[in-house]
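Because the structure is predicted, anything quoted here is derived from the model rather than measured. Each chain gets a letter, A, B and so on, in the order its sequence line appears, and its residues count up from 1.
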Amino acid sequence: MNPLKELRQRFRAALEPLVEDLEDLLEMVRPSQDPRFGDYQANCAMPLGKRLGKAPRELADQIVARLEVDDMCEPPEIAGPGFINLKLRSDWLAARLQDAVKDTRLGVAPVETTRTYVVDYSSPNVAKPMHVGHIRSTVIGDALCRILRFAGHRVISDNHLGDWGTQFGMIIYGYKHFRDESAFAAAPVAELCRLYQLVSQLVDYHETRRCLGDLERRVTEREEAAVAQEAEPLPVAGAERKRAAKRLRGLKAQVAEAEADLSQARKKLARVEQSPALNQLATEHPEIAQAVLRETARLHADDPENLALWHQFLPQCCEDIQRLYDRLDVCFDYAHGESFYQQRLSHVVQDFLDRGLACLSDGAVCVFVEGFETPMLIRKSDGAYLYATTDLATIAYRMETFHPDAILYVVDHRQAEHFEKLFAAVRLWGHTDVELQHIRFGTVLDQKGKPFKTRAGDTVGLEGLLDEAVRKAYGVVSANDDAKPGGAELDEAQRRHIAQVVGHAAIKYADLSQNRTSNYVFNFDKMVALEGNTATYMQYSYARTQSIFAKGDVDVDRLRDADAAISLEHPAERALGRELLQFPEAIDECLLDYRPNLLTGYLFQLARRFSEFYQQCKVLQAETESVRTSRLILCGLTGRVIRRGLDLLGIQVVDKM
RNA sequence: GCGCCCAUAGCUCAGCCGGAUAGAGCAGCGGACUUCUAAUCCGCAGGUCGCAGGUUCGAAUCCUGCUGGGCGUGCCA
């Protein structure tokens, strides 16, 4: 049972005779923020008073008089200007807890109307090794899928792989010119990866070489502009003076930016030029960028040789990525990459043209969308298609194949405008009865606050990151085990297993516990810190629930069926019990705006309540047998809610830590 | 230039479709280990919620302006 939902139902009955249109009033029934005001509070008397022109306190009296909550709550109290404070009765709490104990869904009722969701997330470029930038989409997307499924929805997870772009032209070119036959035979994935990076570096080298003059010129121009601005006499008046100062600051920042770009470009060049081998390759392949594009174009034109290579390489590339998904415990129903939609692209463009939704401009096919100055391009002037084209084709396919009620895109916030245009174009195209959501999240930043760059080289590989987290977790697990008063309890294999679970969880949780819309500063130490609001704290709490059963030799399942009474005499018991009953509320809240951090927040609160309870209430040595049983049941339910909650986040638990 | 996002404790952040005295974690200080696992708990200290107006019985939350930062901005994804 969802207590909040139940209370709102009761308020609905009480308010209906008083007022029409009461949905917004019902939303004002909510959990109290301060325990002194009870468990829930209704704030609807004040706005209602305004609406009806009556005194809010008087209305609160009327509402309370009609409110039938005797079975559920202590007598409601009216406070301040007209707050209605509600405290749940302990016997009601205890009865609902018993319901939850017997319920495999822990009191979370399936949604009344099942919807079909397509969730599009992770979407790595299969030619490149996955790096830290892929974490957020993968982890958040996976968590949302799990939560939606648990809530009772039909969920189709789809990994929109980047498997058809220039990166394959690079690999193909590299394979044809640079491959090391024996390395390829021994470890094809690693060799393909090397080839990609080599070609990418050479392309980059020539591109940078070509732009160097522009970069130098830009620095000079900006310096001159800044000097000129500085030479201007400052206006005397306040606002004008401020504006001038701001302009100067802006110009100086631009100079710094240009200088940084230039110095980075020079470093890039030096890296190649200082290596005789690379330098030679660069000299031998001056037109490599164009050659790569030609290989890509041949692939797209169904050239038999390149297509065969693509068919050979694709599974090998995916193998590498799959290993990471296995480690992360992430899986997809479908992995329809860009290549899957190739045949449809020309039809999409033609359809837009035929219906007059798109037009030609400078040789490119454009969809103009209201509210945006710049159009969405769906075909380049050279005839090539763009990712917007693929996105449109993908939506059409999903609509006819899955008939979804909603499609969620778990993608970096920097693509917000792209999605706004895309969604608008889809509406023009006629798909109006589907919820399209860009589940945006903040960029992963480095320590300096700069976005991780995919090309710049210095990205942290995802695999190494996971290894490091596991390594750190191993250290902490061992230290904790060694420090146990009765001596260490875990053997080497157990420690390693626990370190795997704890390390991976640390990385996922660090991401999920943050509001997805804010930027995510990548901080290794913070990620794997094993204290505070972390997965480890939750996992530890879970392990403690299990260790009580082990120590007391208690059969949890038998206890569950025993129908024993639950007592909530101690404040810590009551607080824990109420928290446990709010699991359904946490799920609801979380799905309202697709924000997993609301679920982590709930779990953290629950784990804290449990720690308090654990500290203050002896379980195995409880005063009486019935209190002991009651507390054991609370421990059992706590363990199940934590385990289930973490499972919904894609995080596992262990019985001993 | 235009558009979008952000600004809350020393640090990292939560709270943001209006509710009572703004919350956590980390760091700091002081307590609690003959432990049902101290990876814990209790207490203290820490704040002009960027600034200025406005709407309201009531604003961190909504509106306007400003300041500071980030991102995006027709043929990359």
Side-chain angles (χ1 to χ4, degrees), chain A residues 24 27-28 30 32-34 36-37 41 43 46-47 49-50 56 79-83 85 123 125 162 165-167 239 242 246 249 338 361-366 371-382 384 386-388 390-391 411-418 420 440 442-443 445 449-451 454 476-477 479-481 483-486 489 502 513-515 517-519 521 523 526 529-534 536-537 539-541 543-545 547-552 592-593 597-598 600-601 604-605 608 610-612 614-622 631-632 635 656-657:
Chain A
D24 55 327
E27 298 212 347
M28 292 179 191
R30 51 175 58 206
S32 293
Q33 302 202 343
D34 190 318
R36 284 179 303 120
F37 305 134
Q41 62 182 58
N43 303 334
M46 284 82 80
K50 183 117 224 164
F83 295 106
N85 292 333
S123 310
N125 190 324
T166 315
Q167 72 275 18
K242 262 188 198 165
K246 187 182 173 183
R249 266 203 311 280
E338 292 165 343
S361 167
D362 297 332
V365 178
C366 300
F372 293 93
E373 278 188 41
T374 56
M376 184 172 78
L377 269 64
I378 57 175
R379 196 178 69 199
K380 298 203 280 183
S381 48
D382 68 1
L386 295 113
Y387 75 137
T390 313
D391 281 344
V411 179
D412 194 307
H413 78 278
R414 283 175 293 191
Q415 292 191 38
E417 195 171 316
H418 162 67
E420 282 180 52
R440 65 180 73 184
T443 314
L445 305 175
K450 295 284 178 196
T454 35
V476 179
V477 168
N480 184 62
D481 191 41
K484 281 178 187 162
E489 297 172 5
V502 171
S513 60
Q514 185 158 346
N515 184 332
T517 59
S518 23
N519 282 343
V521 177
N523 180 328
K526 196 188 161 194
L530 303 176
E531 54 211 3
N533 183 7
T534 62
T536 319
Y537 177 61
Q539 291 171 316
Y540 180 66
S541 301
R544 292 212 287 196
T545 65
S547 113
I548 287 178
F549 300 134
K551 196 134 227 162
L592 208 59
D593 196 26
N597 72 304
L598 296 181
T600 66
F604 180 56
Q605 185 72 7
R608 289 180 50 116
F610 178 71
S611 284
E612 287 161 26
Y614 187 87
Q615 200 82 17
Q616 293 174 37
C617 301
K618 289 289 168 201
V619 178
L620 293 175
Q621 288 100 49
R631 288 180 179 169
L632 280 168
C635 288
K656 283 166 97 175
M657 299 178 67

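You won't find any donor-acceptor pair under 3.5 Å spanning the side chain of A:Asp481 and the base of B:A39, going by distance alone. Side-chain atoms of A:Ser381 and base atoms of B:G74 include no donor and acceptor less than 3.5 Å apart. Between the base of B:U73 and the side chain of A:Arg414 there is no donor-acceptor pair shorter than 3.5 Å. A:Asn515 contributes no side-chain N or O that forms a donor-acceptor pair with the base of B:A14 under 3.5 Å. You'll find a donor-acceptor pair under 3.5 Å spanning the side chain of A:Tyr387 and the base of B:A77, going by distance alone.
Judged by centroid separation below 5.5 Å and plane tilt below 30°, A:Phe372 does not stack onto the base of B:G3.
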Whenever both distances are under 3.5 Å in a Watson-Crick or G-U wobble pair, mark it; put RNA chain B into dot-bracket that way, with [ ] for crossing pairs and | when the partner is on another strand. (((((((..((((.....[...)))).(((((.......))))).....(((((..]....))))))))))))....
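A:Phe604 has its CZ atom 6 Å from the C1' atom of B:G25, to the nearest Å.
A:Arg544 forms no cation-pi arrangement with A:Phe610, by the criterion of a distance under 6.0 Å to the ring centre and an angle within 45° of the ring axis.
The same atom, C1', is picked in B:U8 and in B:G50; the two are 10 Å apart, to the nearest Å.
Checked against B:G19, B:C4, B:G74, the side chain of A:Arg440 finds its nearest nucleotide in B:C4.
For A:Gly80 and A:Asn519, each mapped to the nucleotide of RNA chain B holding its nearest heavy atom, the one lying further toward the 5' end belongs to A:Asn519.
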